[in-house]
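By convention in this document, chain letters (A, B, ...) are assigned in the order of the sequence lines, proteins followed by strands, and residues within each chain are numbered from 1.
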Amino acid sequence: MDYKRTLITSALPYANGPVHIGHLAGVYIPADIYARYLRGKGRPVLFVGGSDEHGVPVTIRARKEGITVQQVVDRYHELIKSSFERFGISFDVYSRTTSDIHHKFASDFFRTLYDGGKFVQQTTEQFYDEETHEFLTDRNIRGECPRCHSAGAYGDQCEKCGATLSPDELINPYNAVNGNPLTKRATSHWYLPLDKYQGWLEQWILEGHKEWRTNVYGQCKSWLDGGLHPRAVTRDLDWGIPVPVEGAEGKVLYVWFDAPIGYISNTKELCDARPDKFGKWETWWQDETTRMIHFIGKDNIVFHCIVFPTMLKAWNECNEGAQYILPDNVPSNEFLNLEGDKISTSRNWAVWLNEYLDDFPGKQDVLRYVLTANAPETKDNDFTWADFQARNNNELVAIYGNFINRAMVLTHKYFEGRVPVCGELNDYDRQTLAELAGIRGRVEELLDAFRFRDAQREAMNLARLGNKYLADTEPWKQAKTDLARTGTILNIALQIAANLAIVFEPFLPFSSASLYEMLDMEEHAWERLGDTDLLEAGHQLREPRLLFEKIEDTAIQAQLDRLARIKKENEAAAWQAPALKAETNIEAFDKSDIRVGTVLECQKVKKSDKLLQFKIDDGMGGRTILSGIAQSYPDPQVLVGKQVLFIANFPPRKMMGIESQGMILSAVNDDGKLVVTTVSAPVRNGVQVG
RNA sequence: CGCGGAGUAGAGCAGUGGUAGCUCGUCAGGCUCAUAACCUGAAGGUCGGGGGUUCAAUUCCCUCCUCCGCAACCA
C-alpha cells in the first residue's frame, strides 16, 4: 500500500493526575519522535492527543477532595496540556473528551451502532448502594472472603489468600468507599458482541499483521485463542456521555468506548478549525491511503487491537459509503519502573513531568534522551536518577556537546568563526564522509521499524564519528604547519555538526534548534541528512555555547531525597495496627501491678547501646529500673521529672551488671521508635494503674 | 489457576542452531582543540535453575523459579 499521509494517535492520558516519565517513555516520546521524523521528511502527518476525562476514578477523586468532577478534570487537563507543550510534544491537536464536539461525536457513533442493531442488550443483577443511588464496580465492593474468611476482601480478589473472586461470592458485601451495605438490583446494558467478530479479527491480526511487535501480537493471540465475549459498553454512572437511547437515563457510555472515539473527534475539532492546513477529518480517518499508527502502553493493547477496531468495523457495516480505516501498526511499549519499584500515581511514586520541568529548566532534551535510550521497547525497564545523570554527563555532554564545542572553538580559534574552505580530501576524509552518508539509511530503517532506542543510538554514533575524526586528524597540530589542511578538517567537522542538528531533531528538538542557531543556519529538511555541503565556506558562525551542561550530584541527590521521603510516607501510610492478642480477662490483667513513678535520674548505661538506667521515685523508697529505649532517647535528660508507668511486681533482673526492678511501659511507634507512657495529670508516686 | 511478555558482563540493553555483542562504568595507555572532555586497548558473562532434542543450544522442546501485564490506580 502506498500511503499518502500518516495519522498518529497517542493514548489519551487520564485526567486524574499529572503525566509522568512512564507515560512519556511508553507513549509520548516515541510518538513525538515518529511525528517529527515524518514531518522532517515532508510527509503529511496529523499527531493527535487529548485528555481522557470520563470514568469512575475522577469521580472518586472529586468526592474525596470535595470539589466537582469538572473541576478535577479541568485542573489536570490544563496541567497535562501545558506540560506537554513545555516538553515539546508536538501534538497537532490536544483536546479533551468533555468537549461538546466529542460528546456529540461519540453519542452519534453509539447511535449509529445502536440503530444498525450492532449491540446486544442484557439485564443483570448488580450490587447497588441504596443511599448513594449507585451501582458499584467489582473493586469498590468489599466483604468477607468466602475461602479464608478474612475481612475486607475485594469484589475481584482477596488480598489475604490471593483467591480470585466475583462480587457474588463475598459474604456481607459493602461499599468500599462508605461502608454501606449493598443490595442487588437489576440493570440493563448494551454489549458489543466481540464474539461475532472473532473470525474477522483473527484474519486481520493473526494473518494480516504478523509484523506487529511480539508483545502486541502475543497478547492479541491470547485473547483470540481464549474466545471473545460480548463486552458491556455502557455503565450506571452520572459522569460521562449519556447513552443516547430513550429509557437509558442514568447510564453513560463506558469510558473505554468513548475514549478512542476521542482520537476521531479531536481530529474533527482540529480540521473544522484549520481546514486550510489539515483538510477534512474524513481524509484522515476514512481514506484508505491514510496510514494510522496507535502509540500505547501494554495495558491498552486489547482496547486498541480488539475493541476499537471492532467498533470501527461495526460502524462500517452500518454505512454504505464512508468506511473507517484500521490501525496499520500498534507499537506498544512495556512499562518503565522508577528506582526499582513500579510507577504508581496513587502512591506518588513517579517523576512528574511538570515537576521535572520546574526542577530542570531547559533540560527537556536530557529527559527525552534518557527515556529513549532506556525505552521499554521489549521489556520493562528501570529509570534511575544515577543513570539519568550518567547519560547526561557521559553521553550528551561528553560526546555530543563536546564534539560541537570542539568544532566551534577550533573554527573560532583558527578562522575567526568562518567556515573554512574544504580543500583536497585524503582517503581518511573520504572514509569519514562515507560513514556520514550512511547514517541516514540506518536511522530511517530503525525509525520505520519503531526502534527508537536503536535509532537514537545511531544518531549518537555520528557524534562519536566526529570526535574520532578530530582525534585522528589532529587539526590543532596541523594548524602549526598547514592551515589549509586544518581548514579542510574543520570544514568536514562542521558539516558533521550540521548533520547532527538534522538527525537529532526528532529526538532532541530543543538542542537542534540551539545548534542551528549557533551555526546560524536555516533548519534543513531530513532529506539533506548525509550531505557534506550544508555549510558554505565563508559562512560566519556565532559564538560557541554549551549544548548540554553537566548535572551535579546535588541535583540528583535532591531527587533521591524526595523519593526516599515519599517511600517513608508510603510505609507510614501502609502501617496497620498489629492483630489482637488472644483474649484475656480481668483476673489475668490484675496480676500485673502497674504503678506511677517520677523519674529522678536517667542516664545511659555504659557500654550498652540500648539501655537507659532510671532512678524512680516509686513512693516506696525508690528503685532502679533499666529500659531498652536509649536509641529512641538520645538525650535521656528530657525524661527527668516525668511521671512514667511501670510494672512493679516483676522479679528483679540483672542486665549489664545492674539490677532492674521492674519494667517501664513504652509504646512502639510505626517507625520502631519507643515512647514512654505517662499520665495526663500529676498523681502521687506509687499509685496503682488499673 | 490460566494466558501474554520478560529474565544475557558492575548497570542499562541488543542478538543468534555453530568460538557471545553494544552503550555506560572499571583498569591501562595516548592526546591536549575541547564541558578533567576526546581517542586506543584490556579486564569482566557457565546468556534465571534443571532436564531433553542435536555433531553442536544462549538460540528449539519440556519443566521449575522470579518479575511485569491481562485484573484497583496506571503507560
Side-chain angles (χ1 to χ4, degrees), chain A residues 10-14 16-17 19-30 56-57 60-61 137-140 154-157 159 162-164 176 213-223 225-226 295-302 332-337 342-347 349-350 370 373-384 386-387 390-391 393-399 401-414 451 453-454 457 460-461 463-464 466-472 474-479 486 489-490 493 544 546-550:
Chain A
S10 55
L12 304 185
Y14 194 59
N16 193 32
V19 289
H20 53 63
I21 53 172
H23 301 109
L24 296 175
V27 175
Y28 305 105
I29 292 176
V56 179
I60 293 173
R61 179 178 280 268
T137 57
D138 290 0
R139 194 71 192 185
N140 279 334
Y154 289 99
D156 57 351
Q157 187 187 35
E159 294 193 333
T164 303
R213 284 187 183 170
T214 47
N215 58 342
V216 178
Y217 189 89
Q219 179 88 69
C220 292
K221 189 169 185 330
S222 155
W223 273 75
D225 289 351
F295 282 89
I296 57 167
K298 68 173 160 183
D299 55 340
N300 281 344
I301 290 172
V302 63
S332 162
N333 275 345
E334 301 287 303
F335 282 178
L336 187 70
N337 293 324
K342 62 187 292 192
I343 292 175
S344 164
T345 298
S346 53
R347 288 187 299 120
W349 192 253
V370 173
N374 194 24
E377 288 178 6
T378 52
K379 62 168 190 185
D380 290 359
N381 282 346
D382 196 29
F383 175 94
T384 65
D387 181 61
R391 285 195 188 274
N393 293 359
N394 303 329
E395 298 182 34
L396 287 177
V397 171
I399 297 170
N402 188 45
F403 167 68
I404 298 298
N405 196 41
R406 296 172 82 183
M408 291 295 293
V409 167
L410 285 167
T411 304
H412 276 273
K413 184 164 179 178
Y414 298 118
R451 295 175 60 177
R453 189 172 50 192
D454 291 340
R457 180 157 38 204
M460 198 50 133
N461 280 341
R464 291 195 178 91
N467 275 319
K468 185 163 157 45
Y469 179 72
L470 286 182
D472 290 343
E474 300 181 307
W476 51 90
K477 277 190 183 167
Q478 295 289 333
T486 307
I489 293 167
L490 289 180
L546 295 184
L547 215 48
F548 302 98
E549 286 176 347
K550 289 214 163 208

Please work out if [X] contacts a base, only the sugar-phosphate, or nothing of the nucleic acid, heavy-atom cut-off 4.0 Å.
{"X": "A:F295", "result": "nothing"}
{"X": "A:R464", "result": "sugar-phosphate"}
{"X": "A:N16", "result": "sugar-phosphate"}
{"X": "A:I301", "result": "nothing"}
{"X": "A:I343", "result": "base"}

Output the rounded distance in Å from [atom1] ([X]) to [atom2] ([N]).
{"X": "A:D382", "N": "B:rG12", "atom1": "CG", "atom2": "P", "answer": "7 Å"}
{"X": "A:Q219", "N": "B:rG5", "atom1": "CD", "atom2": "P", "answer": "9 Å"}
{"X": "A:N394", "N": "B:rA37", "atom1": "CG", "atom2": "P", "answer": "8 Å"}
{"X": "A:D387", "N": "B:rG25", "atom1": "CG", "atom2": "P", "answer": "11 Å"}
{"X": "A:D380", "N": "B:rG48", "atom1": "CG", "atom2": "P", "answer": "17 Å"}
{"X": "A:L24", "N": "B:rA75", "atom1": "CG", "atom2": "P", "answer": "11 Å"}
{"X": "A:K221", "N": "B:rG2", "atom1": "NZ", "atom2": "C1'", "answer": "15 Å"}
{"X": "A:I399", "N": "B:rC39", "atom1": "CD1", "atom2": "P", "answer": "7 Å"}

**Q.** Backbone N/O of A:G218 and side chain of A:S222: donor-acceptor pair under 3.5 Å
**A.** no
Q) Does a distance-only test, which skips hydrogens and angles, find a donor-acceptor pair under 3.5 Å between the side chain of A:N402 and the base of B:rA34? A) yes
Give me the atom names and distance for the closest heavy-atom approach of [X] to [Y].
{"X": "A:I21", "Y": "A:I343", "result": "CG1-CD1, 3.9 Å"}
{"X": "A:P376", "Y": "A:L336", "result": "CG-N, 4.2 Å"}
{"X": "A:E377", "Y": "A:R451", "result": "OE1-CA, 3.8 Å"}

Q | Distance test, side-chain N/O of A:N215 to OP1/OP2 of B:rG69, below 4.0 Å | A | no
Q. Quick one: is B:rA34 close enough that its OP1 or OP2 comes under 4.0 Å of any side-chain N or O from A:K413?
A. no
Q. Between A:Y414 and A:G22, which is nearer to the 5' end of RNA chain B once each is assigned its nearest nucleotide?
A. A:Y414
Q. When you match A:V302 and A:Y14 each to their closest nucleotide on RNA chain B, which lands nearer the 5' end?
A. A:V302
Rounded [atom1] spacing from [N] to [M] in Å:
{"N": "B:rA75", "M": "B:rA36", "atom1": "C1'", "result": "40 Å"}
{"N": "B:rU8", "M": "B:rC60", "atom1": "P", "result": "16 Å"}
{"N": "B:rC24", "M": "B:rA9", "atom1": "C1'", "result": "12 Å"}
{"N": "B:rU26", "M": "B:rU63", "atom1": "P", "result": "44 Å"}
{"N": "B:rU16", "M": "B:rC22", "atom1": "C1'", "result": "15 Å"}
{"N": "B:rG44", "M": "B:rG50", "atom1": "C1'", "result": "27 Å"}
{"N": "B:rG17", "M": "B:rC47", "atom1": "C1'", "result": "15 Å"}
{"N": "B:rC39", "M": "B:rU23", "atom1": "P", "result": "11 Å"}

**Q.** From B:rC39, B:rC33, B:rA75, nucleotide with atom closest to A:V409 side chain
**A.** B:rC33
Q: Could you check which of B:rC74, B:rC38, B:rU32 has an atom nearest any side-chain atom of A:K477?
A: B:rU32
Q) How many angstroms lie between atom CG of A:L547 and atom CG of A:N405, to the nearest 0.5 angstrom? A) 9.0 Å
Pairing check on [N]: which nucleotide meets the Watson-Crick or G-U wobble criteria with it, both distances under 3.5 Å?
{"N": "B:rG45", "value": "none"}
{"N": "B:rC38", "value": "B:rG30"}
{"N": "B:rA6", "value": "B:rU66"}
{"N": "B:rC73", "value": "none"}

**Q.** Side-chain donor-acceptor contact under 3.5 Å, A:N461 with A:R464
**A.** yes
Q) Is the closest side-chain heavy-atom distance between A:S332 and A:N300 below 4.5 Å? A) no
